[in-house]
Every structure is written in structure tokens, then in C-alpha cells.
There are 2 protein chains.
Amino acid sequence: MPKSDQWTMKDVAQLAGVSIATVSRVLNHPEQVNRKTIERVKAALDSVSYSPNGWAQATARTGPPLVGLVLPDILNPFFAAVYVGMNEVLRAQGITLWMADSQNRVDYEREALETLQRYRAQGIVLIPTHSSANLATVYKMDAAVCVVDRKLQDNAWDLVVIDNLLGGRQATQLLIDAGHTRIAIITGPEASTSANDRYRGYLSAMEQNGLTVPEEYVKVGDFKQFSGFALGQALLQLPERPTAIFSCNNLMTMGLLEAIRASSGLDLGLGVAVVGFDEIPIATLVKPPLTVVASPVKELGVQAVRLILERIENPEKGRETVLLPPQLMIRGSERLTKSSQSVTTSSSQ
Amino acid sequence: MPKSDQWTMKDVAQLAGVSIATVSRVLNHPEQVNRKTIERVKAALDSVSYSPNGWAQATARTGPPLVGLVLPDILNPFFAAVYVGMNEVLRAQGITLWMADSQNRVDYEREALETLQRYRAQGIVLIPTHSSANLATVYKMDAAVCVVDRKLQDNAWDLVVIDNLLGGRQATQLLIDAGHTRIAIITGPEASTSANDRYRGYLSAMEQNGLTVPEEYVKVGDFKQFSGFALGQALLQLPERPTAIFSCNNLMTMGLLEAIRASSGLDLGLGVAVVGFDEIPIATLVKPPLTVVASPVKELGVQAVRLILERIENPEKGRETVLLPPQLMIRGSERLTKSSQSVTTSSSQ
DNA sequence: ATGAAAGCGCTAACAG
DNA sequence: CTGTTAGCGCTTTCAT
């Protein structure tokens with residue numbers, strides 16, 4: 001319900017019978033103003049429920065503290081958690097956080113970065129969509145930049161990532177320790193460094209244990225639920241079916257579970273074991289509960305903000321990389337249940 | 001990597017040997033400028049990779065198109081989907097979307113609203129945390145306001161909501177049709193109008209079918225996962241245990257499933273049936289797949305933006321309410337499986 | 001303690 | 001076509 005147009009300081013000044021400077025003072029430095037004048041101005045102020053024009057304020061001062069977050073998909077709870085982590089510490093500092101969803105598109109990502117540049121953001125946290133597409137744009141940023149979760153090709157900025165190599169290795173080792181030898185992997189897009197690292201961790205653990213990795217055991221997904229489903233089905237239909245699958249992100253794990261559920265003669269823990277990367281909300285709801293390599297997601301945001309704030313403070317500070325160790329949540333899905341031999345018969349009745 | 005401070009139009013003008021106005025022109029109305037001058041200015045422009053100061057632009061013009069979204073919890077995919085829906089249509093219009101997470105706190109919500117007011121947002125989409133706490137603040141908004149998903153006490157603004165009454169009725173009827181008579185509900189906080197409507201829908205369906213609702217069958221949760229878990233456990237331990245439970249939102253349904261899973265002698269479809277409100281990502285992954293009353297979530301955002309844009313166009317337009325019908329996703333969890341009689345014995349071995 | 005005035009970086013008439 | 005000029009709404013000297 002827009003009222004008459006917006007009130008300016010000039011209006012208020014006129015109302016209170018003072019100069020515009022005085023109004024500004026009661027707003028920003030009340031201690032410099034006579035108590036009685038304050039009263040009068042305040043009365044005028046909320047008689048029109050005055051609200052300062054943020055844009056004008058910003059030009060007159062240096063521009064307000066603003067930090068931006070550009071992420072690939074807000075529907076992914078992983079990324080949403082980064083927002084939450086950042087927001088918690090920024091709010092305490094009185095800094096505004098602006099989030100943009102690039103929808104995994106490099107052009108949207110570039111737009112978002114340019115917007116942040118236009119508004120002179122002091123800091124930018126970027127979860128890149130692609131490891132090199134927007135490199136040039138990022139170079140031009142006048143803000144403190146911190147890259148999160150996925151590496152850029154040029155490692156010139158502060159960085160906060162999960163130790164994906166370690167995580168991939170741990171997940172795989174978990175399966176090996178559970179007695180599996182035929183272990184498949186559903187990894188992410190080649191452009192994703194996290195996916196690559198997890199994959200490399202997998203390879204390293206396999207090799208270290210003298211296990212072979214048949215080509216058809218390596219499926220490259222796109223980190224979305226459907227690819228987990230489709231590739232999961234493909235794996236389950238192999239003649240030499242893997243007994244364990246390592247799924248490289250939350251959404252694909254969901255899809256994989258769906259595929260397993262849809263398969264005849266198989267079930268989680270019955271004929272096929274699973275370890276996923278990333279916590280998923282249903283991990284404790286499936287049977288057996290799902291073992292995952294969980295990322296300290298909110299912590300990613302918290303650390304990113306810390307680095308940003310430090311760099312705003314001291315722009316000359318050396319580049320820093322924070323490697324957050326993943327957390328093993330061992331819940332049971334990494335092993336087959338006793339009855340797994342009888343699967344085919346028991347479920348076909 | 002902040003470079004020397006930021007370049008202004010004045011600098012560029014000087015570099016190109018033209019007036020500041022000319023620079024502004026090549027940026028905004030190039031057709032009014034000599035081709036050769038354009039070249040020269042453009043050269044200067046990107047020799048310093050100039051980026052206009054958005055704040056200054058905003059004061060000089062009317063202020064750029066800006067629409068805000070204030071929601072209670074971005075980690076809840078339901079709300080995140082509203083963001084996505086809004087973003088899709090706003091991006092097409094070249095309007096910037098600013099999102100703030102109120103974390104379900106009225107004070108944070110008020111802060112966010114005031115920020116939007118300061119930046120002269122042209123439109124605000126509000127998913128309220130409380131039905132009355134910030135009423136006064138919302139009244140003062142100079143923007144086109146559209147309330148989404150939860151009603152405010154004073155129905156003075158455009159509104160887009162799910163038809164919760166209908167949804168509650170449908171969910172309950174589904175259970176009744178499946179043969180249940182002992183039907184419990186886990187509803188949401190009393191302050192939430194959606195929760196109330198769903199609850200009323202439940203009551204109405206029960207009454208209409210001549211079924212009684214024992215007091216202990218009505219549990220009031222807080223829309224978070226844990227309350228679903230705790231209240232679910234409480235229900236399952238009742239002497240006169242309900243055979244069906246209607247859970248009133250996504251998170252609590254997750255908790256409820258967890259409680260069922262943790263219970264001895266019971267399982268989904270074995271002794272207890274469930275219908276949930278809101279789609280959840282695991283709905284198709286549990287066994288039997290979960291029947292839900294799903295909300296067209298992105299559509300909430302799309303409709304909200306439509307109303308906002310219409311009102312910006314014509315502020316005098318009458319208040320509008322859009323009631324989106326929920327969608328029944330009948331998947332099986334609303335009924336008990338044949339073997340449900342033998343549950344207690346079969347699982348106690 | 002207060003007002004006048006300059007300026008923040010940019011846009012948009014208004015003259016030539 | 002281009003430069004001069006007057007704002008936009010606010011903050012902040014600099015006087016008084």
C-alpha cells in the first residue's frame with residue numbers, strides 16, 4: 001500500500017523547523033545535538049515514519065558493508081548451509097549478506113559477480129560453477145574474494161574446501177574394510193574439482209589395497225538426483241554387478257537409493273552396499289541407515305567469512321587455504337547383511 | 001586482490017579527454033554519441049576496467065528495480081523453492097532479487113523488512129514468521145507487499161497460499177478411505193495459520209465421517225524435524241495406538257519416519273500408516289513410498305511475483321488472494337500392508 | 001548547538 | 001554531437 005511518495009530528510013527538516021544537517025545529526029550523532037531539538041526532530045521523524053534512503057546514504061559515505069555469496073543452487077541443502085553459516089557471523093558484524101543463485105550457469109554467475117562489483121561489495125564468497133569460465137571476471141573484482149567448495153583453475157584466492165581426496169579415500173576404505181572388492185563409483189562432472197578429488201581418493205584407496213577398477217565401474221554423473229538414479233540402474237544391471245557403490249554427492253545418492261529400491265532382487269544392504277558423500281536428511285531413515293562422509297557444511301561458510309573479514313582488514317595478507325576434514329558417519333549401509341545370499345529368492349515370492 | 005581504489009567516471013572522462021556527461025552517454029545512450037568518440041571512451045573505460053557505482057546510479061535515478069524476499073528458513077526446501085520460482089521470473093524482467101533469512105525470528109524479520117524499506121524495494125514478498133508480530137512494520141512499507149504461504153492477522157495485502165484446509169481434509173480423507181478410524185495428527189505451532197488450517201481440515205474430515213478425535217491424538221509440534229520425532233514417539237506409545245498419522249509439514253514428517261523406524265514392532269505400513277503434508281525428497285525412497293499432499297512450491301513464488309508486478313504497475317489495484325490447490329501424491333503409505341496383524345510377533349523374534 | 005555549503009558518483013535536461 | 005549545469009538524498013566539514 002504505497003503511500004504518498006517517500007519522505008526525504010528535507011521534508012523532515014522543514015517539518016521540524018531545522019536544517020537538514022541537524023536532522024542528519026540526530027540520526028547519526030545525537031550526542032552533538034540539543035536534547036530539546038532532538039525531541040522536536042524525532043517527533044517529525046516518526047510523524048512521517050521516515051526511513052533513510054539507503055542508496056543515498058551509500059553514495060555519501062563509502063558504501064555500506066556488503067558481502068556477497070554466489071552459489072550454484074540454493075535448493076541444494078549443502079549450499080544453503082553455507083549461506084546459513086555465513087549469515088550467522090555476518091549478522092553479528094552488522095554486515096549485509098546478498099545471495100545470488102547462479103543456477104549452475106556461467107552466464108548467471110558472471111551477472112551476479114558484476115552486480116556485486118557494481119555495488120562495491122567488500123567481500124565475495126564464490127562457489128564456482130565452472131573452474132575457469134569466469135576467471136577473467138573474478139580477476140577484476142575489487143573485493144576480497146574467497147572461493148568455497150570447488151577450486152578454480154587459478155589458485156589465486158583464499159580457499160575453503162572439504163578435503164575431498166581424503167573423503168574419497170575414507171569412503172572407499174570403509175567399503176574395503178567391510179569386505180567388498182567389487183566397488184563401483186558414481187562420480188561428478190569432470191569440470192568439478194571436488195568430484196575429481198573424490199574420484200582420485202577412490203582410485204588411490206583401491207590401488208593401495210590391490211583392487212582393480214573395471215572401466216564399467218566408473219560412472220560419471222552430473223551431481224543431480226536423476227543421474228544417480230540412471231547410473232545406479234546401469235551399475236546394478238552389470239553382468240558382474242558391484243557389491244558396493246560409492247556415490248559422490250548428496251543428490252546422486254538419493255537417486256541411487258531410488259534405483260536400488262526400484263531394482264528387483266536387491267535392496268540396500270542386500271546385495272549392494274552404499275557409502276555416500278555428503279549428509280542427506282534421510283540418512284537415518286533408510287534401512288540400514290546410510291553411512292556417509294559428511295561435510296561440515298556450515299563451517300565452510302563460517303571459515304569463508306573469517307577469511308574475507310581478515311582480508312578486508314589487511315588486503316596484503318597472504319593467500320590462505322582452509323582444508324576441512326570430512327566426518328565419517330558410519331551407520332551400517334557400508335556392509336551387506338547376513339541374509340544377502342538369499343536375496344533373490346526371498347524377494348521374488 | 002583489491003587494486004588501487006576504484007575508478008570513477010571522472011577519471012575515465014579525463015583519460016578519454018571528454019566530459020563526464022559524454023562518458024555517461026556512451027554507457028547509457030550510445031546512439032547519441034559519435035562513433036569515434038565512443039571508441040575513445042570505450043578504450044579508456046576498459047583500460048581501467050571501469051564498473052559503474054551502483055549506489056550512485058541508484059540515487060541519481062529513481063533507484064533500481066529491487067524486489068525482496070523474506071523467508072523463515074532457507075534450509076527448508078519448501079521456502080528455497082519459492083526463491084527459485086521468484087528468481088526465474090524476476091531475472092527475465094531484469095529485476096534484482098534480494099533474499100533474507102529471518103531464521104523464524106521476528107526481530108530478524110523486522111530488520112530485514114527495514115533494510116528493504118531503506119533500499120526502497122519496489123516489492124516485498126514476505127513469508128511471515130508470526131501472524132502479527134511485525135504487522136506495524138509491514139504497514140509502513142512503501143513497497144508492494146505480497147504475503148506468501150502463511151497468513152497475517154490483518155488480511156490487507158496480496159496473498160498467495162496453499163489451500164491448507166482442503167489439503168488437510170484430503171490427507172485425512174485418504175486415510176479414512178484406506179480404512180483407518182484411529183487417526184492422529186502432528187500439527188504445527190498455534191501461531192501458524194497454515195498449521196491451523198491443516199488441522200481444521202483434519203477435524204472437518206473426521207467429523208464428516210463420524211470419527212472421534214481423542215485429545216491425545218492431537219500433537220502440536222514446531223514444524224521442525226525433532227518435534228516430529230518426539231511427538232511421533234509419543235503417539236506410537238499410546239495405549240490405544242493410532243493406526244494412521246497425518247503429519248503437517250515436511251520436516252516433521254521426516255522426524256516421524258525416524259520415530260517409526262526407531263520403534264520396535266512397527267514399521268511404515270506395518271501397524272502405522274502415514275500421510276504427510278509437503279513433498280519430501282525421500283518420499284519415493286521409503287517403503288512403501290510416502291503418500292503426501294504436495295504443495296506447488298515454485299508456483300507460490302511465481303504467483304507472488306506476478307501479483308507484485310501487477311501492483312507496481314497499478315498500485316490502486318484491489319487486493320488479491322491466490323489459493324493454490326495442493327496435489328495429492330498417492331503412493332501407498334496411507335494404508336497398512338496385509339501382514340500388519342502379525343507385526344508384533346514377527347518383529348519381536 | 002546549529003546552519004550553510006561542498007561533495008559523494010552518477011544522470012539528465014539544457015544549451016550550443 | 002558534446003559540454004555545462006543542476007540535481008538525487010544524504011553526510012560532513014566549516015563557520016558562527
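All values reported here derive from a predicted model rather than from experimental measurement. Labels below follow one simple rule: chain letters A, B, ... track the order of the sequence lines, proteins then strands, and each chain is numbered from 1.
- If A:R40 and B:M9 are placed on DNA chain C by their nearest nucleotide, the residue sitting closer to the 5' end is A:R40.
- Heavy-atom neighbours of A:E313 CD from other residues, nucleotides or ligands within 6.0 Å: at or below the threshold of 12.
- Residue A:Y50 has a polar side-chain atom (N or O) positioned under 4.0 Å from OP1 or OP2 of D:dC10.
- Within residues 29-38 of chain B, the residues having any heavy atom under 4.0 Å from DNA chain D are, by residue number, B:Q32, B:V33, B:N34, B:T37.
- With salt bridges taken as basic N to acidic carboxylate O contacts below 4.0 Å, none links A:R118 and A:E114.
- Results of the side chain to side chain contact (heavy atoms under 4.5 Å, CB included) test with A:V160 over A:L323, A:V302, A:V148, A:D149 single out A:V148 as the only residue that passes.
- Residues of residues 110-120 of chain B that place a heavy atom closer than 4.0 Å to DNA chain C do not occur.
- B:W55 and A:Y119 have perpendicular rings, their planes meeting at more than 60° on a 0 to 90° scale where under 30° would count as parallel.
- Between B:N28 and B:P30, the shortest heavy-atom distance links the atoms C-CD, 3.4 Å.
- Put simply, CG on A:N76 and CG on A:D73 are 5.5 Å apart, with the number rounded to the nearest 0.5 Å.
- In this structure, A:K10 atom NZ and D:dT11 atom P are separated by 15 Å, rounded to whole Å.
- Summarising the geometry, atom CD belonging to A:Q32 is positioned 12.5 Å from atom OG1 belonging to A:T37; distances are rounded to the nearest 0.5 Å.
- Of the residues in residues 15-22 of chain A, those placing a heavy atom less than 4.0 Å from an atom of DNA chain C are A:V18, A:S19, A:A21, A:T22, in numerical order.
- You can see that DNA chain C meets the heavy atoms of chain B within a 4.0 Å-exclusive cut from C:dG9 to C:dC14, reading 5' to 3'.
- Between B:G123 and B:I308, the closest heavy-atom pair is CA-CG2, 3.9 Å.
- Between B:S132 and B:Q153, the shortest heavy-atom contact is CB-OE1, 3.5 Å.
- Taking SG of B:C146 as the reference point, atom CH2 of B:W157 lies at 12.0 Å (rounded to 0.5 Å).
- A:Q57 has its CD atom 17 Å from the P atom of D:dC8, to the nearest Å.
- Annotation: the terminal axes of the helix from C:dA1-D:dT16 to C:dG16-D:dC1 meet at 40°, where each axis is the rotation carrying the C1' atoms of four end pairs onto the next four (5 pairs per end, rounded to 10°).
- A salt bridge does not link B:E88 with B:R91: none of the charged nitrogens is closer than 4.0 Å to a carboxylate oxygen.
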Mind listing the side-chain donor-acceptor pairs of residues 95-106 of chain B below 3.5 Å, one per line with the distance, residues two or more places apart or on another chain?
{"unit_1": "B:D101", "atom_1": "OD1", "unit_2": "B:Q103", "atom_2": "N", "d": "2.7"}
{"unit_1": "B:D101", "atom_1": "OD2", "unit_2": "B:I74", "atom_2": "N", "d": "3.1"}
{"unit_1": "B:S102", "atom_1": "OG", "unit_2": "B:L71", "atom_2": "O", "d": "3.2"}
{"unit_1": "B:S102", "atom_1": "OG", "unit_2": "B:N104", "atom_2": "N", "d": "3.4"}
{"unit_1": "B:S102", "atom_1": "OG", "unit_2": "B:T129", "atom_2": "OG1", "d": "3.3"}
{"unit_1": "B:R105", "atom_1": "NE", "unit_2": "B:D107", "atom_2": "OD1", "d": "3.2"}
{"unit_1": "B:R105", "atom_1": "NH1", "unit_2": "B:Y108", "atom_2": "OH", "d": "3.4"}
{"unit_1": "B:R105", "atom_1": "NH2", "unit_2": "B:D107", "atom_2": "OD2", "d": "2.7"}

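- Between the CG atom of A:N53 and the C1' atom of D:dT11 there is a distance of 13 Å, rounded to whole Å.
- Where A:V23 and B:A56 meet DNA chain D, the nucleotide closest to each residue was compared, and B:A56 sits on the side nearer the 5' end.
- Of the options A:K151, A:R319, A:R311, A:R306, a salt bridge (Lys or Arg N to Asp or Glu O under 4.0 Å) to A:D158 is made by A:R311 and by none of the others.
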